[in-house]
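Presented below is the structure to which this report refers.
Being a predicted model, the structure only gives us computed values, none of them experimental. Hydrogens, waters and symmetry mates play no part in the numbers below; they use all other heavy atoms, side chains included. Per chain, numbering begins at 1; letters A, B, ... match sequence-line order.
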Protein chains: 2
Amino acid sequence: MIQATNVTPLFNDLAKIEHDRNVACHACSLYSLCLPLGLNNNDLIRLDSIIERSQNYKRGYALFTSDQPFKSLFVVRSGSFKTTISATDGRDQVTGFYFPGEFIALDAIHQQNYQSNAKALESSSVCELPFQNMEEIGKGMPQLQIQMLTRLSKELAGDKTFMLLLGKKTADEKLATFLLSLSKRFQDRGFSATNFQLSMSRSDIANHLGLAVETVSRLFSRFQEEGLISIAGKALSVQDIEKLKQLCG
Amino acid sequence: MIQATNVTPLFNDLAKIEHDRNVACHACSLYSLCLPLGLNNNDLIRLDSIIERSQNYKRGYALFTSDQPFKSLFVVRSGSFKTTISATDGRDQVTGFYFPGEFIALDAIHQQNYQSNAKALESSSVCELPFQNMEEIGKGMPQLQIQMLTRLSKELAGDKTFMLLLGKKTADEKLATFLLSLSKRFQDRGFSATNFQLSMSRSDIANHLGLAVETVSRLFSRFQEEGLISIAGKALSVQDIEKLKQLCG
DNA sequence: CACACAAATTGACATGGATCATGGAAAAGC
DNA sequence: GCTTTTCCATGATCCATGTCAATTTGTGTG
């Protein structure tokens, strides 16, 4: 189980940390980052009752694909995921990476099918929220409704910011921005902001940022030469976070 | 007042069409595209009572900017708007164009401030939905809550699709995709899918698509030479919609 | 109407990052 | 533990699109 607030493993691997399938929301270490925040006790218990806690998804396994009917929202419980959308000709775009406490499939609400594909980047688990049930219990829970709206709105804001990255930033700025975003998210989860494992491949990063793999690889090397970071395989250590921030534009 | 379902002006200018500030939702021609869809009569009346219908915003006027406190959501009533976000160094990104029936400011819900800037592209008007009031009346209106979630989710899906455009598409594909998106939206509003006015400048288009103005200008010229479109100033006519679709990738 | 200013077009040229190619290092499969 | 496959790093080259510059067209204003 993630006890994010107590331990700060330096080179954390979110997947390796044991977690208990049966921990209820009120006892979950992700509570403060997660959906139930702000719900009263009764509401929390009802919400809890509709949540299905998944088994492990191994690295590379699909949580859902865009040809499947939309049924549930998911919250990452441990590990991490990527989502992608595909053009008709096979090109695809990594639309996001998702860490514990973050929602997946918000873009599919009230569509027939999921709008994207979600894959585990490492051994991971999720809480599954069957949407039908959520609607049902949500009718009497304004706080839950507001939480949902807030979540959606924040993801939307993040995506707009990401448009600026894709449309206007240089390769350097893109990578710096991306690394800082990871750093921030690890920190929010009680991990080191400066030492962590990249669970995604170089090619996932490149794809997400609208770059070629080779460019990302070269940038990692250069950032290292310049003393901004030090990187060995998937282990990243941020050496000069201030310079990195300046680089974001 | 827009009577979109009855008239199909060829070169429509959404702003020039007269509209009555006092038309209630149930009598509004945008009804089927707009928020109230699916509400029962009582609920509709309550929703109606909190909506503030704006005066005209002239071309270039700001609906809000990102330094202002978030207060209301907006639905375009007539005309059109663009939204932008700014990097610290002054660069900015056009994050979207908004036409009648479409929501603006969904990315600001439960943030302190608006997250972007919204400007009128032509003489335009909006319906203003004070968010406090919406939350209030929403508590007893599950249908309204669902409508809101659906709206947010659809915008999210659109943004993810747009990421693929920004990250993976060539200049040709970007412009073709953009033109078809406009075409579709005009059609949905009862206008011609093939003949319409571009209310935004070339530079807004370029910025939105992550291109230089010159590139957009050249593409318009080339698309015209190739018989895909014919364009004179802001008046666009789609000549070969099928070829355009093939170009989207 | 004429002026001033902003927007759009078009051409010439430059370049950031893509693509291609190769070799080595992990990781996965058996 | 060996083999196969995928991933990553780095160099050489190329090209789609950006940048700069000059001109034309459109637009708003007194």
Carboxylate-amine/guanidinium contact [X] [Y], below 4.0 Å:
X: A:Lys243; Y: A:Glu226; answer: no
X: A:Glu173; Y: A:Lys168; answer: no
X: B:Asp107; Y: A:Lys160; answer: no
X: B:Lys154; Y: B:Glu102; answer: no

Heavy-atom neighbours of A:Lys234 NZ exceed 12 at 6.0 Å: yes
Sidechain-backbone polar pair: A:Ser183 side chain, A:Ala193 backbone, donor-acceptor under 3.5 Å: yes
Under 3.5 Å: donor-acceptor pair, side chain of B:Asp159, backbone of A:Leu156: no
Find the distance [X]:[atom1] to [N]:[atom2] and express it as a whole number of Å.
X: B:Lys168; N: D:dA16; atom1: NZ; atom2: P; value: 18 Å
X: A:Met200; N: D:dC7; atom1: CE; atom2: C1'; value: 15 Å
X: B:Asn207; N: D:dT19; atom1: CG; atom2: P; value: 12 Å
X: B:Lys169; N: D:dA16; atom1: NZ; atom2: P; value: 18 Å
X: A:Ile205; N: D:dA9; atom1: CD1; atom2: C1'; value: 14 Å
X: B:Asp172; N: D:dG18; atom1: CG; atom2: P; value: 12 Å
X: A:Arg202; N: C:dA25; atom1: CZ; atom2: P; value: 15 Å
X: B:Lys58; N: D:dG28; atom1: NZ; atom2: P; value: 12 Å

Neighbours of DNA chain D within residues 208-221 of chain B, by heavy-atom distance under 4.0 Å: B:Gly210, B:Leu211, B:Ala212, B:Glu214, B:Thr215, B:Arg218
Positions of residues 174-181 of chain A (non-hydrogen atom under 4.0 Å from DNA chain C), listed by number: none
Criterion ring pair (Phe, Tyr, Trp, His ring centres under 6.0 Å) against A:Phe196, the qualifying member of A:Phe186, A:Phe99, A:Phe191: A:Phe186
Bend angle of the helix from C:dC1-D:dG30 to C:dC30-D:dG1, end axes from five pairs each (to 10°): 70°
A:Phe64-A:Phe70 aromatic ring centre distance below 6.0 Å: no
Output field: ring centroids B:Phe74/B:Tyr98 closer than 6.0 Å: no
Residues A:Ser237 and A:Gln239: side-chain donor-acceptor under 3.5 angstrom: yes
Closest to side chain of A:Arg59, choosing from D:dT17, C:dA28, D:dC8: C:dA28
